[in-house]
Structure formats: structure tokens, C-alpha cells
Engineer: 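Supplied in C-alpha cells, the structure appears directly below.
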Amino acid sequence: EPPSVGSCSVQPTYGSFDNTTFTFSCEGWFDEDGIQLYTYYSLNSDGSRKITGYTMSSTFSTNLPYSGANNATTTYYVEIKDQLGSYASHYVGDVVVYIPSDTQNLGETILNGITTNLDQAVASGQTNNIAAMATNIASVINEMAGDDGSVSSSGGSDSSGGSDGGTG
């Protein structure tokens, strides 16, 4: 038998990619075989899962990737698996993650956030947050990429890249 239905939520439901910590939590779930794992995810446009994180605990905190232009909403779900592999999937909530419009140097903001979040993840032993950080970084870089594939900062006109090891 899969775990019996409880409730799940995510807080807050609106925040910035660079400094908002989102907390996923589930309460009231039970399985006579014991709950083994909570896997939080969203769905890609093709219906495949994009794993946000996983934990043996009923609570999970992380940064989330940019949702997309015009305050696009991302819907999150959780799969709760018991010790024998039976599972139940449940709706968690809808979230909007934005890029702050007042960011003068988006690249510097991203790097500062990555360093802080990476240090926290390693110090707390939450290495599964590292994958979430990589997704977060990719979502912002994709948003910053122009139609020609070049990347520019939202606050400046300098589109030159950093040190890439190439020749100029």
C-alpha cells in the first residue's frame, strides 16, 4: 500500500531566485512500512519530471530557479515513497520566482548567492541542494541570453564575458 494522504505546502509562494529560501513541508503522511523518501519536483513542458530535491525528512528548504517571464507560475509536487517502494504523488503548491529588476550587476549577485548557498549546503550536509543551485544558475543564464545566444547583464551595457580560457 502507498503512503496515506496527508497535506503538503510550500512557503513562501512568491520570491526572488537569489535570496528567498523556499520551504517544502508535508504533514500527516503515514505508511505502515515507514516512509523512506520525499522527492519534490515540477514538470517540464514535455511532462518529464524536474527534480527540485529529496529528503528523508518531511521538510526541505532550498532556493528555486527563475519561473520565467511575466511572473510565470511553476507547480510543484511531491512523491512520497515507503520502504517497500510504493509511493503516492501529491500536489504541493504553485510558486513564482522572479529576478529582481533593481539588480545592477546580475552576474555578481548570482556569484555571491552561489557562494553563500553552496557554503550553507556543504556545512549542513544538504548536498542535494547543489543540484537545485545548478538548475537555478542555468535558469538565470538562459533568461539573460539574447536571441543570438550572447549573455549580458541586465543593468549594464557591457556584454563582454569573463575569463573563459580562450584566446582573444
Side-chain angles (χ1 to χ4, degrees), residues 1-100 103 106 109-145 151:
E1 295 283 322
S4 61
V5 176
S7 63
C8 297
S9 63
V10 58
Q11 291 296 323
T13 57
Y14 185 82
S16 169
F17 86 95
D18 62 337
N19 66 7
T20 303
T21 299
F22 295 87
T23 300
F24 293 82
S25 60
C26 291
E27 296 177 351
W29 290 86
F30 173 78
D31 190 278
E32 62 187 30
D33 301 313
I35 294 176
Q36 178 185 27
L37 192 65
Y38 296 82
T39 303
Y40 296 95
Y41 64 95
S42 60
L43 296 177
N44 292 313
S45 58
D46 66 0
S48 63
R49 289 183 180 187
K50 182 190 301 184
I51 303 297
T52 303
Y54 54 89
T55 180
M56 293 173 66
S57 168
S58 61
T59 302
F60 172 72
S61 296
T62 190
N63 294 92
L64 293 175
Y66 172 59
S67 297
N70 301 319
N71 288 333
T73 299
T74 302
T75 301
Y76 287 90
Y77 303 90
V78 62
E79 178 182 282
I80 302 168
K81 188 187 322 184
D82 71 14
Q83 298 288 343
L84 300 178
S86 295
Y87 66 89
S89 293
H90 191 74
Y91 167 80
V92 176
D94 295 328
V95 176
V96 173
V97 181
Y98 63 91
I99 295 176
T103 300
L106 190 55
T109 299
I110 292 169
L111 290 175
N112 288 339
I114 291 167
T115 302
T116 301
N117 293 334
L118 184 59
D119 289 346
Q120 290 171 350
V122 171
S124 66
Q126 296 179 343
T127 55
N128 60 343
N129 279 355
I130 295 170
M133 285 182 246
T135 302
N136 192 352
I137 296 162
S139 71
V140 174
I141 291 172
N142 286 337
E143 177 62 22
M144 290 169 46
V151 177

Engineer: Kindly give the heavy-atom pair with the smallest separation between Ala88 and Pro3, and that separation in Å.
Structural biologist: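 Scanning both residues, the minimum pair turns out to be CB-O, 3.7 Å.
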Engineer: Quick check for you: to the nearest 0.5 Å, what is the distance between Glu27 atom CD and Thr59 atom OG1?
Structural biologist: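 Rounded to the nearest 0.5 Å, the CD-OG1 separation comes to 7.5 Å.
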Engineer: Apply side chain to side chain contact (heavy atoms under 4.5 Å, CB included) to the pair Val78 and Tyr76, showing each step before the final yes or no.
Structural biologist: CA-CA 7 Å; Val78 62; Tyr76 287 90; over 6 Å; no
Engineer: Indicate yes or no: at least one non-hydrogen side-chain atom of Ser4 is less than 4.5 angstrom from one of Phe30.
Structural biologist: yes
Engineer: Could you check if a side-chain atom of Thr74 sits within less than 4.5 angstrom of a side-chain atom of Val97, using non-hydrogen atoms only?
Structural biologist: no
Engineer: After noting the C-alpha distance and the side-chain angles of Thr13 and Val96, does the key distance pass the side chain to side chain contact (heavy atoms under 4.5 Å, CB included) rule?
Structural biologist: CA-CA 6 Å; Thr13 57; Val96 173; over 6 Å; no
Engineer: List for me each residue that meets side-chain hydrogen bond (donor to acceptor under 3.5 Å, both in side chains) alongside Thr75, sequence neighbours excluded, and say none if there are none.
Structural biologist: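 If we apply the side-chain hydrogen bond (donor to acceptor under 3.5 Å, both in side chains) test to Thr75, skipping adjacent residues, the hits are Asp94.
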Engineer: Work out which heavy atom in Phe22 is nearest to a heavy atom in Ser16; give both atom names and the distance.
Structural biologist: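 Heavy atoms only, the tightest pair is CE1-O, 4.3 Å.
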Engineer: Would you list the pairs meeting salt bridge (charged side-chain N to carboxylate O under 4.0 Å, His left out) in which at least one residue belongs to residues 82-93, sequence neighbours left out?
Structural biologist: none
Engineer: Just list the side-chain donor-acceptor pairs under 3.5 Å for residues 34-44, sequence neighbours left out, or say none.
Structural biologist:
unit_1	atom_1	unit_2	atom_2	d
Tyr40	OH	Ser58	O	3.3
Tyr41	OH	Arg49	NH2	3.4
Asn44	ND2	Ser48	OG	3.0

Engineer: Where do Cys26 and Ile80 land on the side chain to side chain contact (heavy atoms under 4.5 Å, CB included) test, with the steps shown first?
Structural biologist: CA-CA 9 Å; Cys26 291; Ile80 302 168; 4.3 Å; yes
Engineer: Under the criterion ring pair (Phe, Tyr, Trp, His ring centres under 6.0 Å), which of Tyr66, Phe17, Tyr14 is the partner of Tyr98?
Structural biologist: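 Among Tyr66, Phe17, Tyr14, the one that satisfies the ring pair (Phe, Tyr, Trp, His ring centres under 6.0 Å) with Tyr98 is Tyr14.
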Engineer: Quick one: pull up NZ in Lys81 and OG in Ser86 and give me the separation to the nearest 0.5 Å.
Structural biologist: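 Going from the NZ atom of Lys81 to the OG atom of Ser86 covers 10.0 Å.
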Engineer: If the plane angle is over 60° it's perpendicular, under 30° parallel, otherwise tilted; pick one for Phe24 and Phe60.
Structural biologist: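 The arrangement is tilted - the two ring planes meet at 30° to 60°.
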Engineer: Just jot down the side-chain hydrogen bond (donor to acceptor under 3.5 Å, both in side chains) partners of Thr23, sequence neighbours excluded, or say none.
Structural biologist: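 Here the qualifying residues are Ser61.
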Engineer: According to side-chain hydrogen bond (donor to acceptor under 3.5 Å, both in side chains), who are the partners of Ser7, at least two apart in sequence or on a separate chain?
Structural biologist: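 Residues passing side-chain hydrogen bond (donor to acceptor under 3.5 Å, both in side chains) with Ser7: none at all.
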Engineer: OG1/Thr20 to CG/Asn63 distance, rounded to the nearest 0.5 angstrom?
Structural biologist: 7.5 Å
Engineer: Tell me, please, which residues at least two apart from Asp33 pass side-chain hydrogen bond (donor to acceptor under 3.5 Å, both in side chains).
Structural biologist: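 Residues passing side-chain hydrogen bond (donor to acceptor under 3.5 Å, both in side chains) with Asp33: none at all.
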